[in-house]
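What follows is a single structure, written as structure tokens, with notes after it.
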Amino acid sequence: MIVALTQLLVLQLVGEVIARGLKLPIPGPVIGMLLLFLLLALRRGPSPELQATCQGLLQHLSLLFVPAGTGIILHLHRVADEWLPLLLSLLLSTVLTLAVTALVMRLCTRRAATGE
């Protein structure tokens, strides 16, 4: 488990170094996830240890919402002041996510039907 967690944290650190070093507008953890994706694609999947560690992390994913919820409560006055832009961005991002998901599902269904 320590090796798998180290891999995940090192990839996040490398992503952060790349983002800050190149002054990219993309967060370091996102770059780290892209690097993880490339690593997994090259290896043709995760190792059993990485897979078990990630499953354990996913089982306790709800714990990661505690700091976010605390931050919302702490800054509730800002949410009240800026409720309209927050609401619009949430609605727009939800609609956009649904549309992209539907398009990807449609493409995947067509590919599966044609046997590609």
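The shown structure was predicted, so the numbers you read here are calculated from the model rather than taken from an experiment. Residue indices begin at 1 and follow the sequence shown.
Annotation: side-chain contact (heavy atoms from CB on, under 4.5 Å) contacts of Ile31 (sequence neighbours excluded): Ile18, Ala19, Leu24, Ile26, Leu35. Under the rule for a side-chain contact (heavy atoms from CB on, under 4.5 Å), the partners of Val17 that lie at least two apart in sequence or sit in another chain are Leu13. Listed by chain and residue number, Glu16 satisfy the side-chain hydrogen bond (donor to acceptor under 3.5 Å, both in side chains) test with Arg20 (two or more places apart in sequence, or in another chain).
Within the structure, the salt bridge (charged side-chain N to carboxylate O under 4.0 Å, His left out) test picks out no pair touching residues 25-41 (sequence neighbours left out). For residues 51-76, no pair satisfies salt bridge (charged side-chain N to carboxylate O under 4.0 Å, His left out), with sequence neighbours left out. Pairs passing the salt bridge (charged side-chain N to carboxylate O under 4.0 Å, His left out) check and including a residue from residues 84-108, sequence neighbours excluded, do not occur. For the salt bridge (charged side-chain N to carboxylate O under 4.0 Å, His left out) condition, no pair includes a residue of residues 57-68, sequence neighbours left out.
Under a hydrophobic clustering in which Ile, Leu, Val, Met, Phe, Trp and Tyr are joined whenever their side-chain heavy atoms come within less than 4.5 Å, directly or via other members, Leu38 and Met33 fall into different clusters.
Taking Ile, Leu, Val, Met, Phe, Trp and Tyr as hydrophobic and joining them when side-chain heavy atoms fall under 4.5 Å apart, one finds Leu34 isolated, its cluster having no other members.
The shortest distance between side-chain heavy atoms of Gln12 and Leu9 falls below 4.5 Å.
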Using a 3.5 Å cut-off and no angle test, enumerate the donor-acceptor pairs between side-chain atoms of residues 79-103 and protein atoms at least two apart in sequence or in another chain.
residue : atom : partner : partner atom : Å
Ser89   : OG   : Pro85   : O            : 3.1
Ser89   : OG   : Leu86   : O            : 2.9
Ser93   : OG   : Ser89   : O            : 2.9
Ser93   : OG   : Leu90   : O            : 3.1
Thr94   : OG1  : Leu90   : O            : 2.7
Thr97   : OG1  : Ser93   : O            : 2.7
Thr101  : OG1  : Thr97   : O            : 2.7

Show me, pair by pair, the donor-acceptor contacts under 3.5 angstrom made by side chains of residues 49-76, not counting sequence neighbours?
residue : atom : partner : partner atom : Å
Glu49   : OE2  : Met1    : N            : 2.6
Thr53   : OG1  : Glu49   : O            : 2.9
Thr70   : OG1  : Val66   : O            : 2.8

